[in-house]
Amino acid sequence: MAHGEKRGYDKRARKWRYRGRYKLPNGKWGSVSRDDNGQPFYTERAAEQYAHGLEVDVRRKQFINPRDGRTTVGAWAETWLPSIEVAPLTEKEYRLRLKNQVLPQWGGVAIGDLSPTAIAAWEKKLRGTLSKNYADAVMSTFRTMMDDAVAEKLRGDNPVSARKSGRRGMYKPKPKDEKAIATPRQVLLIARNALEMRGLNEYAIVLTSAYTGLRIGELAGVHRDQLTLKDTERGARLHSVQQSQYVGGVFTEIGNKYDSGRGLILPPFLADLLQQLLDSRPGSEWVFTAPKGGRLLRGGDWYAETWAPIVAGRAPRGVVRGAKARVGVRPVLGVEGLTPHGLRHSQKVWLDEGNHPKVAVEARMGHELPGIEGTYSHVTLSMELAIASHLQRLWEESLRVVVDRREFGPYPPFEAPRRKRSPMRPPNAD
């Protein structure tokens, strides 16, 4: 039975201190010397009542051992990360979010001491310095880690609130989806810019991404033998069964996102283009490669130096300070802010506009149709062929001569590259 015991005299408070004793789930005696606010017990009655409450939790199987709550966030992160089962890149992102944002602030704090109010204040500060998407990702990771801490009975509730039970603070309307998408004509213009800047490989990547909906990592993982380009009345096909990613500094092939491996019927123009691409480099194992023929990698440099100019344009340049001359490309109007993933979104819009069966559209995108509709709906060959035929028509329409040439903006202004200063050169030497 729960009871209180005298422990010692607190000279600073000039009071006797007590601890509560209670039976643990394993039958042994446990002890507690502080309440939920970290305050010592200065009366035997207070210690006994707190210990009695813990025994009630034991009987109701809701017991949280106060000692377990002293586990720090940092120590729990070390235990938690190896236990999660996610894709390698997702795990990498989790580790970076914890390392860069969560642990510097909360790593040394006991899980039982985490305050929802303090975390809410920190989140507000976080959102003032980070982008919305990244801040959302950080809070989601922290929330998930604390969900598992609750399941592990390190504390009774999750202090990282999702705040779905009711609105607090100023009203903020739900942000609209402003993701840029492109028409087939705009995709053609972007692809032509890519052809001008980087050649056939980049041209094919843009068009394949838009007309298949494959992600960049999935395109990087396509091998030559995963293309069936001869149409035997069942459509030329691209089989996407893995994606290429850098994991731990090593080029690794892993399963498609959400295990969404699939075979896609290609519109005839795209099958012809991919055959031309294969014929241009017969010794390559992969369909899409890096500029010099190696494994395709899309990192920050590619987004800044290739993707951004083929959408937003760049000025022509002659030979400058030893740098090679380069061709200029004009920006494609109406797709400002378009990302490579926006090509995937664009195909989804085209298929929705074509009124194709939802189950066939979602299957092509690599999604599962939820609910009863997904259980009883099935994709047929005629549905797939109809989608490929529709995409072929969109391509042919995009090639029509346009009288109004206001599809491109003017060349961006040229910025001469800055010369790197020698470490031994004084700042005023120029």
Side-chain angles (χ1 to χ4, degrees), residues 177-220 222 227 229 236 238 240 264-277 287-288 296 298 302-303 305-314 327-356 361 364-366 384 386-409 412:
D177 182 7
E178 300 294 345
K179 184 177 292 293
I181 59 172
T183 65
R185 177 68 181 178
Q186 289 168 326
V187 167
L188 172 65
L189 301 178
I190 293 170
R192 286 176 175 172
N193 276 355
L195 178 66
E196 191 74 21
M197 284 179 53
R198 295 285 188 258
L200 182 62
N201 183 77
E202 214 71 39
Y203 177 76
I205 286 176
V206 171
L207 293 177
T208 306
S209 179
Y211 282 86
T212 64
L214 290 176
R215 304 170 179 90
I216 292 295
E218 293 170 335
L219 291 176
V222 179
L227 290 180
L229 299 179
L238 183 157
S240 177
L264 302 171
I265 294 184
L266 303 173
F269 90 89
L270 188 54
D272 293 341
L273 173 61
L274 293 179
Q275 185 63 62
Q276 181 183 354
L277 182 64
V287 176
F288 305 101
L296 178 65
R298 291 305 187 233
W302 176 79
Y303 284 94
E305 297 175 7
T306 300
W307 177 260
I310 67 177
V311 174
R314 74 176 184 188
V327 66
V329 293
R330 293 186 295 163
V332 180
L333 297 180
V335 290
E336 294 79 5
L338 180 73
T339 64
H341 200 71
L343 298 176
R344 174 175 163 83
H345 283 252
S346 299
Q347 185 201 228
K348 176 65 165 62
V349 172
W350 304 346
L351 298 183
D352 287 343
E353 290 176 340
N355 295 318
H356 293 282
V361 173
R364 189 172 182 87
M365 300 300 295
E384 294 182 279
I387 286 177
S389 178
H390 176 220
L391 292 174
Q392 178 69 20
R393 289 195 302 273
L394 293 179
W395 166 254
E396 293 170 357
E397 290 171 3
S398 74
L399 295 173
R400 291 181 180 178
V401 176
V402 177
V403 177
D404 186 352
R405 290 295 181 182
R406 289 177 295 181
E407 297 180 314
F408 289 105

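Given the structure is predicted, the values throughout are model-derived calculations rather than measurements.
Partners of Asp352 by salt bridge (charged side-chain N to carboxylate O under 4.0 Å, His left out), not counting sequence neighbours, listed by chain and number: Lys348.
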### Task
With side-chain contact (heavy atoms from CB on, under 4.5 Å) as the test, would you mind laying out the steps for Leu238 and Leu214 before giving the verdict?
CA-CA 10 Å; Leu238 183 157; Leu214 290 176; 3.6 Å; yes

### Task
Give the intermediate values and the outcome of side-chain contact (heavy atoms from CB on, under 4.5 Å) for residues Phe408 and Val332.
CA-CA 5 Å; Phe408 289 105; Val332 180; 3.9 Å; yes

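Applying the salt bridge (Lys or Arg N to Asp or Glu O under 4.0 Å) test to every pair with at least one member in residues 180-190, sequence neighbours left out, gives these pairs: Arg185-Glu407.
Distance CG/Leu188 to CH2/Trp395: 5.0 Å, rounded to 0.5 Å. Once rounded to the nearest 0.5 Å, the distance linking CD of Gln276 with CG of Leu229 reads 12.0 Å. Atom CD1 of residue Ile181 and atom CG of residue Leu338 lie 9.5 Å apart, to the nearest 0.5 angstrom. Atom-to-atom distance recorded for Ile387:CD1 and Gln347:CD is 8.0 Å, nearest 0.5 angstrom. The distance from the OH atom of Tyr203 to the CE atom of Met197 is 16.0 Å, given to the nearest 0.5 Å. To the nearest 0.5 Å, the span separating CZ on Arg364 from CG on Leu391 amounts to 5.5 Å.
Here the closest non-hydrogen pair linking Ala388 and Pro267 is O-CB, 3.6 Å. Taking every heavy atom of both residues into account, Ser346 and Ala182 meet most closely at OG-N, 2.8 Å. Contact record, Trp350 with Thr183: CZ2-C, 3.7 Å, taken as the closest heavy-atom pair. Nearest heavy-atom pair across Glu305 and Pro309 is O-CG, 3.4 Å.
A tilted orientation is assigned to the rings of His390 and His356, their planes being inclined by 30° to 60°.
No donor-acceptor pair closer than 3.5 Å links the side chain of Asn201 to the backbone N or O of Leu277. Not one N or O on the side chain of Ser209 forms a donor-acceptor pair closer than 3.5 Å with the backbone of Ile205. The backbone N or O of Val327 sits less than 3.5 Å from a side-chain atom of Arg314, completing a donor-acceptor pair.
Using a 4.5 Å heavy-atom cutoff, the side chains of Val206 and Ile310 are in contact. Here the side chains of Leu207 and Val187 are in contact, with some heavy-atom distance below 4.5 Å.
Of the options Leu264, Leu270, Leu266, a side chain to side chain contact (heavy atoms under 4.5 Å, CB included) to Tyr211 is made by Leu270 and by none of the others.
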